[in-house]
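Okay, structure first, notes after.
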Amino acid sequence: MNEVSIRDILNSSEIVDKKVSISGWVRTFRANRFIALNDGSCLSNLQCVIDFENTDDEVLKGISTGAAIKVVGTLVSSQGTKQNVELKVDSCDILGDSEPETYPIQPKKHSFEFLRENAHLRTRTNTFGAVMRIRSNLSFAIHEYFKNNGFYYVHTPIITASDAEGAGQQFRVSTLDIKNPPIDENGSIDYKKDFFGKETNLTVSGQLEAEAYAMSMGKVYTFGPTFRAENSNTSRHLSEFWMIEPEVAFMDINGNMKLAENFLKYILSYIVNNNIEDLRFLENRLIDEEKQKPQNERSDLSLIEKLKFVIENNFKIITYTEAFEILRNCKPNKKKKFKYLIDKWGTDLQSEHERFLVEKEFKCPVIIYNYPAKIKSFYMRLNDDGKTVRAMDILFPGIGEIVGGSEREERLEVLLKKIKEVGIDEKELWWYTDLRKFGTAVHSGFGLGFERLVMFATGMSNIRDVIPFPRTPQNAEF
Ligand code: 4AD
Ligand code: MG
């Protein structure tokens, strides 16, 4: 017997009269006759028609919402208007029944909050199935883009001893007895007795190690989980998230901006070309959601139009100073509508400012570069003006910052001075500074927050709904 997926069936041209076997989960069972079966391979269910008069009562009872079943039968053209093909069932096995009264995923609309509490079952819904299939394909497209463009994939470590990024609070990795840790002669915890013989943490970024590989293999990228222990409970922050970080030798900030724009356009086109069924479903979901909003808050573009807009139009590129001038003179700033008012050059941009630039001023993705050195990391290339660095952030509509990157400081003396200024012991970074001693060169890279990308691609508005099992402050269920 041909064991097939629903996706195979719907994508195939010669299916009618074929005898097949399919396993999946029952979405609904109507009139003791029509099973809507979903196997997760695609959004669509397969309608399976069962002859109840010739089916065992036990089996009929077992076909309830949520049950896992295996059906064998013949594919026939459907009489119904909703589908072209359906399965005329010859036999049905109940693989795992489901308690209809307590099964959380009833065939009705559930709130995302409720589904987050049932994250182990939420991919049984259309929305989460669609989101996670898109997530999977985006991830594939990322590898494909880099493969096609001569990059090597590097697995940077998850456990790290360098707290150098300064990207926020880190999670400690330790096997010491927390109730009774060893104490050194100064009365502090003696990490020499810890597993690695020093203080270690979960990484906030693979960049520093990726730089070492770029400075030997030329074009590399990492794509892995990163961890930040900041207590920011927002719809755009996770404590564990995935980041894509390309790093390229002999490439300057301009090349970096071009790479990021090309890369984003490629991966978004990939899902427009490969996930259209899922995207249309999510688009309709959003259209329904928008109807609840007042007219002036509704978005002008549908989800797919928004993706195409980003794919087809140039990103707007401006310096921090230009962004600062626009913001300082804009209406919401003058009318004191911003929570953080813009008046002094050098202040960091908050998400309200980023969103103003992207959503009101330019209405397209914006790349801001040449930021004040004081608000950016020590490793970013200092410009000749002595006060700005070759940093770049990419801001997306509805998301805000999606990419952060820079040209790296390749000059040993300048780097050492910066390390000292931020109070890091240069000995901790001996290997990183070595890269500036032996064959240093201009190089650049960036980090793309994978979940923020998935949010943009799916139109989901909470980052907790685009990662299978989200980790946020006070929450590590599942
Ligand atoms: O701007 P960030 O902190 O940059 C770095 O970590 C650099 N080392 C990257 C590099 O140059 N290789 O983070 C990069 C991106 C952000 O733009 C954002 O999209 C995402 O990572 N990000 C988060 N996503 C979810 N939850 C969080 N808490 C995030 N923090 C950053
Ligand atoms: Mg950043």
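Throughout, numbering of the chain's residues begins at 1 and tracks the sequence. For ligands, and for the atoms within them, numbers begin at 1 and follow the listed sequence.
Per-residue contacts place Gly404 under 4.0 angstrom from the following atoms of ligand 1 (heavy atoms of the residue considered): 1 (O), 9 (C), 10 (C), 11 (O), 17 (O). Ligand 1 places these atoms under 4.0 Å from at least one heavy atom of Tyr379: 7 (C), 8 (N). Contact atoms of ligand 1 toward Arg236: 25 (C), 26 (N) (distance under 4.0 Å to a heavy atom of the residue). Ligand-side atoms of ligand 1 in range of Val403: 17 (O), range being under 4.0 angstrom from any heavy atom. Remark: ligand 1 atoms within the under-4.0 Å shell around heavy atoms of Glu230 are 28 (N). Close approach to Arg408 involves these atoms of ligand 1, each under 4.0 Å from a residue heavy atom: 10 (C), 11 (O), 12 (N). Interface of Gly405 with ligand 1, defined as ligand atoms under 4.0 Å from a residue heavy atom, comprises 11 (O).
For the pair Glu401 and ligand 1, a heavy-atom separation below 4.0 Å is found. Residue-ligand proximity: Glu247 is placed with every non-hydrogen atom at 4.0 Å or more from ligand 1. In this structure, Phe396 has no heavy atom closer than 4.0 Å to ligand 1. For the ligand labelled ligand 1, residue Ile463 lies inside the 4.0 Å heavy-atom shell. Note on ligand 1: Arg471 sits outside its first shell, no heavy atom being nearer than 4.0 Å.
Listing protein N, O or S atoms at distances below 2.8 Å from the Mg ion (ligand 2), with waters left out, gives Glu401 OE2.
The aromatic rings of Phe263 and Phe446 sit tilted relative to each other, their planes meeting at an angle between 30° and 60°.
Note: an N/O pair closer than 3.5 Å links Leu238 and ligand 1 by distance alone. Between Ser406 and ligand 1, a contact under 3.5 Å exists for no N or O pair. Among the atoms of Phe241, none of the N or O lies under 3.5 angstrom from an N or O of ligand 1.
The nearest pair of heavy atoms linking Gly346 to Tyr320 is N-OH, 3.0 Å.
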Quiz prompt | Test log, rule ring-ring contact (aromatic ring centres under 6.0 Å, His included), inputs Phe223 and Phe450 | solution = CA-CA 9 Å; Phe223 182 1; Phe450 188 49; 5.1 Å; yes
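Between His143 and Tyr153, the distance separating the two ring centers is shorter than 6.0 angstrom. Ring-centre distance between Tyr432 and Tyr379: not below the 6.0 Å cut-off. For Tyr221 and Tyr152, the gap between ring centers reaches or exceeds 6.0 Å.
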